[in-house]
Amino acid sequence: MTQALATIIYPVKDLARAKKVYSALLGTAPAQDSEYYVGFQIGNQQFGLDPNGHSNGLNGPVTFWTVTNIRESLKALLEAGAEMVQEVKDVGGGLLMASVKDVDNNDIGLMQNP
């Protein structure tokens, strides 16, 4: 079901300040820059800043895995003992995202491209 590690998202409280810090770290301007998400493209990886991450249950950086069927993958993780953090949500343009915590309280993100 899993295709590839696609994105790492950091929940941030001050998007403007975080954007400056990570632009300096990565040596590039964001490829996507909006009030609800700032994304940097580093090779085949997306590195994102989410100002709503904390309110959506994210406590730190989360890796998001691209899957072919997010609902099947989510169901399999929950049956294996993972705990729901964020149910499947369309975050725009048909991109579906969800997240769970594993048995050691680590965040796992899932995403399905349209």
TODO: Determine whether Val85 and Val88 fall in the same hydrophobic cluster, where Ile, Leu, Val, Met, Phe, Trp and Tyr are linked whenever their side-chain heavy atoms lie under 4.5 Å apart.
DONE: no

Task: Hydrophobic cluster identity match, Met111 and Tyr36, side-chain contacts under 4.5 Å - done: yes

Can you name the nearest heavy-atom pair linking [X] to [Y], along with the distance?
| X | Y | answer |
| --- | --- | --- |
| Asn56 | Lys89 | ND2-NZ, 4.4 Å |
| Leu78 | Glu83 | CD2-C, 4.0 Å |
| Leu74 | Met84 | CD2-CE, 3.7 Å |

Open item on the list: Considering only residues two or more places apart or on different chains, which pairs with a residue in residues 39-54 satisfy side chain to side chain donor-acceptor pair (under 3.5 Å)?
Closed with: Tyr37-Gln46, Gln41-Gln46

Open item on the list: Per the side chain to side chain donor-acceptor pair (under 3.5 Å) rule, what does the pair list look like for residues 90-102, sequence neighbours excluded?
Closed with: Lys101-Asp107, Asp102-Asn106

Open item on the list: Looking at Glu87, I'd like to know if its CD atom is crowded, meaning that more than 12 non-hydrogen atoms belonging to other residues, nucleotides or ligands lie closer than 6.0 Å.
Closed with: no

TODO: Find out whether Phe47 and Leu49 are in side-chain contact, i.e. whether some heavy atom of one side chain is under 4.5 Å from a heavy atom of the other.
DONE: yes

What's the spacing between [X] [atom1] and [Y] [atom2] if we round to 0.5 Å?
| X | Y | atom1 | atom2 | value |
| --- | --- | --- | --- | --- |
| Ile108 | Ser73 | CD1 | OG | 11.0 Å |
| Asn113 | Met97 | CG | CE | 9.5 Å |
| Leu96 | Leu110 | CG | CG | 10.5 Å |

Using distance only, find each side-chain donor-acceptor pair of residues 4-18 under 3.5 Å and give its atom names and separation, not counting sequence neighbours.
from	atom 1	to	atom 2	distance (Å)
Asp14	OD1	Ala16	N	3.3
Asp14	OD1	Arg17	N	3.1

Open item on the list: For Lys75, give me all partners under salt bridge (Lys or Arg N to Asp or Glu O under 4.0 Å), at least two apart in sequence or on another chain.
Closed with: Glu79

Taking distance alone, no hydrogens or angles, what donor-acceptor pairs closer than 3.5 Å link side-chain atoms of residues 19-27 to residues at least two apart or in another chain?
from	atom 1	to	atom 2	distance (Å)
Lys19	NZ	Asp33	OD1	3.2
Lys19	NZ	Asp33	OD2	2.9
Ser23	OG	Lys19	O	2.8

Open item on the list: Please check: side-chain N/O of Gln112 versus main-chain N/O of Ile70, any donor-acceptor pairing under 3.5 Å?
Closed with: yes

Task: salt bridge (charged side-chain N to carboxylate O under 4.0 Å, His left out): pairs with one or both residues in residues 21-31, sequence neighbours excluded - done: none

